[in-house]
Each structure stands twice: as C-alpha cells, then as structure tokens.
Amino acid sequence: MPLDGSKLPTLHGDRLCLRWIEERDADALFEVFADPQVTRYWSSPAWTERAEAARLIADIRACFARGDLLQWGIARLDDDRLVGTCTLAQLDPTHGRAELGFALGSSHWGRGYATEALTRLLAFAFEELELHRIEADVDPRNAKSVALLERLGFRREGYLRERWHVNGEICDSLFLGLLRSEWTATR
C-alpha cells in the first residue's frame, strides 16, 4: 500500500479533499455524528457528548497504526471545514478487499459531496491500493445511500435479516459489492 505510515495521503477532488482527521476537527465530527438524521441508519446511536469525537479520533489513529482502517475527513476546499467522513475498513491485503463506510452532515446533503468523495476514495482504493473488491453493508431502508452506491457501480449481493440491534430496533442489512474490473470498465 502506498502509505507512509504516519498519516493518510490527502486526496483532492473538485470541491472537496479527503484528509487526515485532526484534533481540531472534533467539533465538526461531533456535529456530524450527533445528528440523528445522519445516524438514523448507522450501526450506533447519535452521539450525545463531545468526548465521543475525541475517542473516535483516537480510535482512527490506533486502527490506522494497525493497518486495518483508513478513515478520512471530508473537507470543503474553500474553508477546510470537515463535513463528513469516508472509510475503508476491515482492510484485507491478502484478498485485496475492504469495507466502505461514509457519513455526511445533513446540512450538506443534496450537493453531490458524497458522490465526489466516494468517487475519489474508490479511485484511490482500486488504482493506488490495488484492492480487488470493495463491499458496503447498508440498512436497506437507507434508499439514498443505496442509490448512491448503485450509481457508483455497486451491485446488490445479499440481504441479511435482523442483523443489527440499534437504539432498541432490529435492522436488516443489504450487502453490495464493487469489483476493480467493474470500476475500471466504467471509467
């Protein structure tokens, strides 16, 4: 993997960059993950304390050091304000696969930011990291995320009933996958 070991590379898009998450981003992270609209279909409830942002930053660093998670902040180029995150988790270099995750602050929905960020992340994953397969686990009721992934070329591969228990609710999972060959064919 083309990583220097100290932090993630910054990936530039037209309006956004994917960058290393800093301690200075804690308030912006809290704003994203404390919003019940953002976490409605997440695997954990909305945050209630700012300290959860500091814990996430520490967890991101620890997982990066182990090499099993790459989590970028999605920041606007005009002011470097963090508006969300995108992640390659469960990195498996032996099999060339990872799981995709993303969250975007609800005040930034509908602007194409998620499409831009994920397009840049997938290009990095397939072209730089040379991964073979990217997977996504989505609550099937999250129609906007499912539609976004399908526009990016992901295919539905499986449905797991009652997989998650979040906020007293049992939720299903829809699995989607994208192969490097499929990504390359559409670019």
Side-chain angles (χ1 to χ4, degrees), residues 18 21 25-26 28-74 82-110 113-115 117-119 121-122 125 131-179 182-183:
L18 308 183
I21 298 173
D25 298 313
L29 274 178
F30 181 73
E31 186 179 315
V32 171
F33 290 104
D35 183 345
Q37 290 182 80
V38 173
T39 61
R40 170 67 181 102
Y41 301 113
W42 206 253
S43 57
S44 59
W47 292 351
T48 58
E49 300 177 12
R50 187 188 178 282
E52 292 171 283
R55 283 194 294 275
L56 176 63
I57 293 169
D59 288 347
I60 290 168
R61 298 241 164 98
C63 291
F64 177 75
R66 284 194 311 267
D68 58 11
L69 179 127
L70 307 178
Q71 187 161 2
W72 284 264
I74 302 170
L82 190 124
V83 297
T85 65
C86 57
T87 308
L88 293 173
Q90 304 298 318
L91 285 161
D92 185 339
T94 301
H95 300 288
R97 61 161 297 281
E99 294 178 15
L100 178 70
F102 57 96
L104 188 66
S106 62
S107 63
H108 304 283
W109 292 356
Y113 285 171
T115 300
L118 294 182
T119 298
L121 178 60
L122 291 168
L131 294 178
H132 174 73
R133 174 183 170 79
I134 306 290
E135 301 168 353
D137 173 359
V138 183
D139 187 312
R141 299 170 299 172
N142 190 347
K144 289 183 180 184
S145 289
V146 172
L148 168 60
L149 292 167
E150 290 180 330
R151 280 194 312 276
L152 292 171
F154 281 79
R155 295 183 187 180
R156 295 176 187 222
E157 296 182 339
Y159 194 97
L160 297 169
R161 298 173 300 139
E162 299 184 5
R163 183 163 192 249
W164 299 108
H165 190 196
V166 181
N167 287 332
E169 182 179 23
I170 297 175
C171 308
D172 297 341
S173 280
L174 175 63
F175 270 73
L176 298 101
L178 177 63
L179 304 178
E182 295 165 339
W183 172 260

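All residue numbers in this chain count up from 1 along the given sequence. Both backbone and side-chain heavy atoms feed into the values below; hydrogens, waters and symmetry mates do not.
In this structure the side chain of D137 reaches within 4.5 angstrom of the side chain of R163, judged on heavy atoms. For the pair R141 and C171, the minimum side-chain heavy-atom distance is below 4.5 Å. In this structure, the side chains of T87 and L100 stay at 4.5 Å or more apart for every pair of heavy atoms. In this structure, the side chains of T115 and R151 come closer than 4.5 Å at one or more pairs of heavy atoms. Side-chain contact check for I134 versus F154: some heavy-atom pair is nearer than 4.5 Å. The side-chain heavy atoms of L82 and I74, taken from C-beta on, include no pair separated by under 4.5 Å. With a 4.5 Å cut-off on side-chain heavy atoms, F102 and L118 count as touching. Put simply, the side chain of T85 does not reach to within 4.5 Å of the side chain of W72, judged on heavy atoms.
Scanning for side-chain hydrogen bond (donor to acceptor under 3.5 Å, both in side chains) contacts around E182 gives R155, with sequence neighbours left out. Remark: T119 engages no residue in a side-chain hydrogen bond (donor to acceptor under 3.5 Å, both in side chains) (not counting sequence neighbours). Residues satisfying the side-chain hydrogen bond (donor to acceptor under 3.5 Å, both in side chains) criterion with E157, sequence neighbours excluded, are R133. Partners of W164 under the ring pair (Phe, Tyr, Trp, His ring centres under 6.0 Å) rule, at least two apart in sequence or in another chain, do not exist in this structure. Partners of D172 by side-chain hydrogen bond (donor to acceptor under 3.5 Å, both in side chains), not counting sequence neighbours, listed by chain and number: Y159.
Taking a cutoff of 4.0 Å between a charged side-chain nitrogen and a carboxylate oxygen, R40 and D139 do not qualify as a salt bridge.
Atom CG of L179 sits about 12.0 Å away from atom CG of L131, to the nearest 0.5 Å. Note that the CZ atom of F30 and the CG atom of L56 stand 12.5 Å from one another [nearest 0.5 Å]. Atom NE2 in H132 sits 10.5 Å away from atom CG in L178 (nearest 0.5 Å).
The two residues W109 and Q37 have their closest heavy-atom pair at CH2-O, 3.5 Å. The two atoms that bring V38 and A103 nearest to each other are CG1-CB, 4.1 Å, heavy atoms only. Taking all atoms of both residues into account, the shortest heavy-atom contact from L174 to P140 is N-CD, 4.0 Å. Between S145 and V138, the closest heavy-atom pair is CB-CG1, 4.2 Å. Contact between L104 and V83 at its shortest, heavy atoms only, is CD1-O, 3.5 Å. Nearest heavy atom pair, residue A53 against residue A26, reads CB-O, 3.4 Å.
D25 places no side-chain N or O within 3.5 Å of a backbone atom of A28 that could act as its donor or acceptor partner. A donor-acceptor pair is defined here as one N or O able to donate and one able to accept, closer than 3.5 Å; no such pair exists between the side chain of E169 and the backbone of H165. At least one donor-acceptor pair under 3.5 Å links the side chain of R97 to the backbone N or O of Q90.
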Given Q71 and I21, is the side chain to side chain contact (heavy atoms under 4.5 Å, CB included) satisfied, shown in steps?
CA-CA 8 Å; Q71 187 161 2; I21 298 173; 4.3 Å; yes
Run the side chain to side chain contact (heavy atoms under 4.5 Å, CB included) check on D68 and D92 step by step: do they pass?
CA-CA 7 Å; D68 58 11; D92 185 339; over 6 Å; no
Quick one: do V146 and R156 satisfy side chain to side chain contact (heavy atoms under 4.5 Å, CB included)? Show the steps, please.
CA-CA 9 Å; V146 172; R156 295 176 187 222; 3.3 Å; yes
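Every pair passing ring pair (Phe, Tyr, Trp, His ring centres under 6.0 Å) that includes a residue from residues 32-58 is listed here, sequence neighbours excluded: F33-W42, F33-W47.
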